[in-house]
Amino acid sequence: MSDFNVNVCARCGCAVHPPLLLCPRCASPDWRAETAAAGTVEELTEADGTRLASVRTDLGPRVIARAAPDLQPGDRVALSRAGGVAVARRGARPRRQVQRPMGTEPPPRLAEILRRFGLGDDDLAAWEESGLQADDFEDWLTDRVARQPAGRRAREVYGADDIHDFARRAILDALALGPQDRLLDVGCGGGLLLRDALASGATVTGLDHSEDMARLARERAPGADVVLGSAEQLPFADASFTAIAMSIVFFFLPDPIAVLRECRRVLAPGGRLAVYTTSPALRGTPAAPEPVASRGHFYEDEELADLAHQAGLAGAAVVNDDGGQLLTASAPM
Amino acid sequence: VSAVIAGAAEARYTRHPPPGETTERFIARAVVAALDDAGLCRDAVDGFAVASFSLAPDHAIDLAWKLGLRLRFLMEDTNGGASGINMLAHAVRAIEAGDAETIVVCAGDAMSREEFRALVDNYNAAMRDHLAALPTGGPNALFALLTQRHARRHELERPDYACVPLAQRAWAQRNPNAVYRSPLSLEEYLDAPAVAPPLTRYDCVPVVAGADALVLTAREGAGARVRARAIRALHNPDNQQGDGLEPSGFASISAELWAAAGARPGDLDAAFLYDDYPVMVLVQAHDLGLVAGGDLERFLHGRLIEERWPLNTSGGQLSAGQAGAAGGMHGLVEAVTQLRGRAGDRQVPGAGLALVTGYGMVLHTHGACHNAAVLERLG
């Protein structure tokens with residue numbers, strides 16, 4: 001058994017598999033091998049008694065690999081090469097930020113910013129294709145990585161088990177869901193909270209305004225109903241839910257009171273709300289870096305509780321754990 | 001000078017060719033029948049194009065020699081499911097440029113099980129070096145993965161995909177040359193043993209021996225004729241870096257194709273989409289504008305099943321069979337047969353405008369060659 005290698009363009013860092021002659025992105029003929037140690041299972045099938053998987057490697061390229069029998073879509077896998085084919089088995093560490101070496105192009109400043117956010121060539125291409133002006137870059141970047149995540153990298157980040165797991169746990173602990181509950185996750189992202197909530201037996205609905213995220217959430221939480229839509233106008237009837245979750249979303253809401261009012265409307269009387277967000281203490285730290293930080297809204301604990309109160313929710317309380325805030329409240333009886 | 005399609009024929013497909021049958025004999029039968037259909041003799045032919053996976057060590061010129069053709073135009077195409085439309089495009093341009101007057105375009109294959117296995121394992125260097133050892137059993141496993149991806153994205157399930165083979169099987173019952181003609185029920189489809197989940201035998205083309213041929217000419221002649229209003233192609237649009245589904249190469253050529261044809265999808269009387277797997281039929285139908293409002297479920301259950309809209313009226317490759325490279329010509333021959341009013345029990349009344357597509361050459365994870373032609377009946 002040996003490492004599973006892919007070819008990486010020596011000039012622009014574009015990774016490909018199987019090997020090509022000229023780089024699809026920059027047309028350079030120079031390559032170096034790089035070990036693709038890990039990836040994420042996309043789909044699985046079985047043919048002629050062999051189980052195989054489409055695996056998206058952390059370096060980017062897809063590979064068709066012989067799959068260990070216990071694998072499921074979404075699993076993180078370690079890759080190796082044996083018997084002339086790639087082999088995927090459980091045991092990869094959670095995805096780390098892959099820092100791709102960048103060459104002369106793209107423009108160094110832009111490339112540097114993208115790299116700091118773990119973004120790569122396909123994201124750069126998406127920016128170039130967006131047709132936006134340079135002044136829009138920071139807004140675009142904020143959307144791309146956090147506000148309305150899109151692209152391969154965003155799917156990997158928000159589909160990974162360790163993304164915002166602290167917030168997920170805090171919310172689910174606070175809501176203490178049971179089989180009789182109907183949960184709405186506003187801004188469900190990659191759907192991991194939905195997935196974990198399903199384990200309680202609750203009926204689970206997710207809402208997101210990113211098509212990529214809605215799609216990912218359907219993959220990650222096959223039992224959940226996932227809807228594309230806006231938090232400002234929840235596409236649900238009054239009193240549809242007994243619980244609402246909002247994980248690392250509140251920060252981006254331009255009109256938080258309007259959203260909380262919508263939450264109150266779709267909650268049944270006595271329904272619980274749990275919101276996890278980031279306090280001003282974390283502004284500018286890795287938890288809320290620029291340019292994202294200046295495009296969001298931080299609230300002190302008291303302000304947060306007051307917003308809920310203004311929206312007509314009852315019993316608002318905030319617990320602040322090292323800068324992470326958990327707001328809980330409920331719809332009036 | 002303008003080129004018209006004056007004849008079309010298929011050398012009857014068969015699951016189990018008798019011993020001694022060869023690719024070149026199937027091709028010869030198709031060529032003779034197509035010339036007969038066009039009312040032209042062999043000596044009128046001055047151009048020849050062929051696609052096959054199993055001619056080696058022979059090539060197009062060897063076939064021309066054995067068929068007794070004296071040629072001003074000669075080509076061999078290796079683009080599998082896209083070879084038929086690719087050759088059609090070359091032949092039309094060659095005739096209209098005056099390089100040749102009458103061109104026979106043909107494709108065929110007759111392979112043993114072992115030969116077929118060797119073909120799929122050595123389809124290209126990437127397959128040979130990275131996939132053949134798995135084994136994947138050819139493209140079935142790859143399209144099983146693509147089907148799952150498509151199903152998840154569009155929230156479709158097996159009874160939805162079933163509409164394609166079921167509707168096509170209903171057409172095949174009226175095609176005496178289809179290898180599978182017995183009625184197929186949803187229950188049979190759902191109960192069929194898996195080939196590569198979620199694909200079962202009814203989602204995968206049966207491998208057959210056979211050949212197809214067209215005759216294009218600038219000569220005047222009697223009988224109904226067919227003209228290519230527009231042909232467009234896109235090959236290797238994504239370097240295999242995309243997900244194989246969207247955007248497909250078809251989405252990229254759609255607007256240009258319809259503009260060049262001076263027609264809209266709603267004008268079509270029939271369509272002949274490359275049906276190696278039901279998922280690809282849906283991708284093509286959607287990306288070429290045949291799915292009203294993008295509603296795949298309504299297209300499947302309403303358009304195909306309830307309305308019996310004429311899609312792949314031969315039964316398609318899923319019921320009629322895939323004779324290797326002839327798969328790229330099967331839809332063309334059926335389209336020309338329909339447009340010339342010679343489709344017998346399955347004739348679409350008044351068929352005047354048809355769409356034909358080609359798709360193929362899986363390089364690593366999905367097909368790289370896409371083309372499409374809008375054909376019309378003349379006169």
Side-chain angles (χ1 to χ4, degrees), chain A residues 4-6 14-25 27 41-56 60-67 73-74 81-88 121-122 125 129 152 155 211-212 214-222 225-227, chain B residues 113 117 120-121 123-157 193-201 203-204 236-247 277 279 362-366 368:
Chain A
F4 175 70
N5 289 332
V6 300
C14 177
V16 303
H17 173 77
L20 304 178
L21 297 172
L22 300 183
C23 172
R25 208 171 79 75
V41 173
E42 295 184 311
E43 294 91 12
L44 290 145
T45 189
E46 191 172 330
D48 291 358
T50 305
R51 195 161 157 79
L52 47 129
S54 172
V55 176
R56 192 73 190 232
R62 279 193 176 82
V63 57
I64 309 296
R66 186 192 300 278
R81 189 171 164 101
V85 295
V87 177
D121 304 320
D122 40 359
E129 281 161 22
R152 174 181 64 77
R155 290 192 293 273
E211 282 190 36
D212 273 13
R215 200 172 277 165
L216 184 61
R218 289 184 191 117
E219 289 177 31
R220 290 291 185 273
D225 187 19
V226 179
V227 179
Chain B
R113 185 177 285 268
R117 190 57 187 246
V120 297
D121 282 349
Y123 203 61
N124 62 4
M127 290 282 170
R128 181 194 63 201
D129 298 344
H130 298 281
L131 294 180
L134 266 173
T136 60
N140 292 340
L142 299 176
F143 282 91
L145 300 170
L146 286 176
T147 301
Q148 287 180 37
R149 193 170 297 164
H150 186 265
R152 209 171 48 228
R153 193 167 294 173
H154 297 279
E155 299 181 324
L156 297 178
E157 295 177 358
V195 171
L199 303 183
T200 69
R201 114 171 30 128
D203 299 304
C204 304
N236 188 34
D238 68 346
N239 288 296
Q240 301 280 296
Q241 313 258 64
D243 68 10
L245 296 175
E246 55 184 323
Y277 298 90
V279 65
V362 175
L363 301 182
H364 178 232
T365 55
H366 54 276

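Sequence lines set the chain letters: A, B, ... in the order given, protein chains first and strands last, and positions in each chain run from 1.
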**OP:** Please state whether the side chain, the backbone, both or neither of B:Gln240 comes within less than 4.5 Å of a heavy atom of chain A.
**Re:** neither
Atom group of [X] that falls short of 4.5 Å from chain B, counting heavy atoms:
X	result
A:Ala65	backbone
A:Pro24	both
A:Val63	backbone
A:Thr50	side chain

**OP:** Could you tell me whether A:Arg215 and B:Glu246 have a side-chain N and a carboxylate O separated by less than 4.0 Å?
**Re:** yes
Original post:
Does B:Gln148 reach the main-chain N or O of A:Leu44 with its side chain, forming a donor-acceptor pair under 3.5 Å?
Top reply: yes
Original post:
Just by distance, do the side chain of B:Arg149 and the backbone of B:Asp243 share a donor-acceptor pair under 3.5 Å?
Top reply: yes
**OP:** Carefully, step by step, assess B:His130 and A:Arg81 under the rule side-chain contact (heavy atoms from CB on, under 4.5 Å).
**Re:** CA-CA 10 Å; B:His130 298 281; A:Arg81 189 171 164 101; 3.3 Å; yes
**OP:** I would like to know whether B:Val362 and B:Met127 meet side-chain contact (heavy atoms from CB on, under 4.5 Å); could you show each step before the answer?
**Re:** CA-CA 9 Å; B:Val362 175; B:Met127 290 282 170; 3.5 Å; yes
**OP:** May I ask you to name which of A:Glu46, A:Arg56, A:Glu42 has the most heavy-atom pairs under 4.5 Å with chain B?
**Re:** A:Glu46
